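Here the structure is laid out as structure tokens; the discussion comes afterwards.
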Protein chains: 2
Amino acid sequence: MVRPAHTARSTRTREALRRAAVLRFLAQGVEATSAEQIAADAGVTLRTFYRHFTSKHELLFADYDAGLHWFRRALAARPADEPIVESVRVAIFAFPYDVEAITQIAALRAEALDPGRIVAHMRRVEADFAAAVAERLGLRAGVEPGRSLAVTVTARCIAAAVFGAMEFWMLGADRSLAELARLCHAALSAVEDGAVAGPFRHY
Amino acid sequence: MVRPAHTARSTRTREALRRAAVLRFLAQGVEATSAEQIAADAGVTLRTFYRHFTSKHELLFADYDAGLHWFRRALAARPADEPIVESVRVAIFAFPYDVEAITQIAALRAEALDPGRIVAHMRRVEADFAAAVAERLGLRAGVEPGRSLAVTVTARCIAAAVFGAMEFWMLGADRSLAELARLCHAALSAVEDGAVAGPFRHY
DNA sequence: TCGGGTTATGTCAATATTGTCGAAACTAGG
DNA sequence: CCTAGTTTCGACAATATTGACATAACCCGA
């Protein structure tokens, strides 16, 4: 199947669908909202809905994708001679967190999806994150994407640090942004300093 | 919904379903096989099929799950005072690779799933792999699962090494097991020696 | 062996997703 | 404005998945 993603028209319908979905979700809950309702609200067919979104639940992760897009651009904007870990750190800390919106969507996700599914999507985001880092790192080191084991592994480890910190943060009691920042910083430093396996070298 | 996963009976039906599915897939292709056919062949209802497998495609990853199970046990069998990276290395290299079967299933996957989906499943396996390592590592270091940022990040980095190597291997020309072993070894060593970000510390 | 509680299935009926094919809307050139 | 080439949509029709509730199969202790 061909997914629309080009013209102004398709952007309009996609937006209409997204808006209609959020309204319904907030008003009557995710479960109680059918894909058909969303499509009808947006004035299109059910089939068209599925041309724009892989699934009903995908709508609940639009913010993740937007964040990823933002991150990719932030990374590209960093100076080419800056250490990659530092670039990642700066980009992450500069993210314009909208705690209100994040919390709201997170509540919807928690309502509609079992933990496993949320984690699964998180993994997808992590992988895309790693890909973005690898792309940038490869560009700097002068190698083609996917052509260097070192680049691949390093990018994945950086992603592992960031998302590991995020997971750790979500499990903990202190959910403040400051705590998240602290954890990310610590995890990234560990990777940067090569201290990852260090403390556990003898376990 | 409650998923069966306990008694001998459920194991029997699950096996029957898996076997029926593989036969059909091999005989007439994945696309041309309906979930209903598989269920009928196994002598159960369609609904029961979905109680044992999340989706039709999940059957194409049964070998991954089996491998994961094998790995978890292999890891548990290693001495508690062995460095975790070494344990992982030994466990991976000891895996009883059945190249025939692996190739066959891989072909089915390639036929039925677009690359994105395959990668997505791979990520799930990687996350489970990381969880297994974290569990073992936490046990050795004497911390609760998910209670130590260092354990979380280290486990994820080890997983990143192994699966990064795997991805790299799949993209390369030399698909021999020896090459895969070499790549895994190199990637794990990099993590172990803290050389992950090292070479890129100035990029 | 006989309950009783637990677990796995069957039944039935919504939704959710996807393939196919033709029509409508949009774009660039004349 | 009109035409040809694209791209998005609508209309249908299979499957694929999931929820809810009733049954049958199993397991354990009296």
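Just so we're clear, the structure is a prediction, and the values are computed from it rather than from any experiment. Chain identifiers are assigned alphabetically (A, B, ...) following the order of the sequence lines, protein sequences preceding nucleic acid strands; residue numbering begins at 1 within each chain.
- The shortest distance between the side-chain N/O atoms of His52(B) and the OP1/OP2 oxygens of dT9(C) is below 4.0 Å.
- Between Glu86(B) and Arg78(B), none of the side-chain N atoms (NZ, or NE/NH1/NH2) sits under 4.0 Å from a carboxylate O, so this pair counts as no salt bridge.
- For residues 103-132 of chain A, the set of pairs meeting the ring pair (Phe, Tyr, Trp, His ring centres under 6.0 Å) definition, not counting sequence neighbours, comprises Phe61(A)-His121(A), Phe71(A)-Phe129(A), Phe129(A)-Phe163(A).
- Among the heavy atoms of the strands, none lies under 4.0 Å from Val2(B).
- Residue-level contact check: Ala39(B) touches neither bases nor backbone, having no heavy atom under 4.0 Å from any strand.
- Taking Arg3(A) as the reference, Met1(A), Thr54(A), Glu58(A) meet the side chain to side chain contact (heavy atoms under 4.5 Å, CB included) condition, with sequence neighbours excluded.
- Listed by first then second residue, pairs satisfying ring pair (Phe, Tyr, Trp, His ring centres under 6.0 Å) with a partner in residues 20-44 of chain B number zero, not counting sequence neighbours.
- Spacing between atom CZ of Arg3(B) and atom C1' of dT6(C) amounts to 19 Å, rounded to whole angstrom units.
- Contacts of Ala39(B) classified as side chain to side chain contact (heavy atoms under 4.5 Å, CB included), with partners at least two apart in sequence or in another chain: Val44(B), Phe49(B).
- The ring pair (Phe, Tyr, Trp, His ring centres under 6.0 Å) contacts involving residues 134-153 of chain A comprise nothing, where partners must be two or more places apart or lie in separate chains.
- Residue-level contact check: Thr7(B) touches the backbone only, with heavy atoms under 4.0 Å from sugar-phosphate atoms and none from bases.
- Residues passing the side chain to side chain donor-acceptor pair (under 3.5 Å) test with Arg124(A), sequence neighbours excluded: none.
- Under 4.0 Å is where a charged nitrogen must lie from a carboxylate oxygen, and between Glu179(B) and Arg175(B) no such pair does.
- Looking at residues 8-15 of chain A, you'll see Arg9(A), Thr13(A) sit with a heavy atom under 4.0 Å from some atom of DNA chain D.
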N/O contacts under 3.5 Å, protein versus nucleotides 16-23 of chain C?
residue: dA16(C); atom: OP1; partner: Lys56(A); partner atom: NZ; Å: 2.9
residue: dA16(C); atom: OP2; partner: Ala35(A); partner atom: N; Å: 3.0
residue: dT17(C); atom: OP2; partner: Tyr50(A); partner atom: OH; Å: 2.5
residue: dT17(C); atom: OP2; partner: Lys56(A); partner atom: N; Å: 3.1
residue: dT18(C); atom: OP2; partner: Thr54(A); partner atom: O; Å: 3.4
residue: dG19(C); atom: N7; partner: Arg47(A); partner atom: NE; Å: 3.3
residue: dG19(C); atom: N7; partner: Arg47(A); partner atom: NH2; Å: 3.0
residue: dG19(C); atom: O6; partner: Arg47(A); partner atom: NE; Å: 2.7

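- Contact between the side-chain N/O atoms of Thr48(B) and the OP1/OP2 oxygens of dT9(C) is not found at any separation under 4.0 Å.
- His6(A) places its NE2 atom 15 Å from the C1' atom of dC9(D), with the value rounded to the nearest Å.
- Across all strands shown, Ala32(A) has no heavy atoms under 4.0 Å from either base or sugar-phosphate atoms.
- Within the structure, every pair that satisfies the ring pair (Phe, Tyr, Trp, His ring centres under 6.0 Å) test and touches residues 95-119 of chain B, not counting sequence neighbours, is listed here: Trp70(B)-Phe95(B), Phe95(B)-Tyr97(B).
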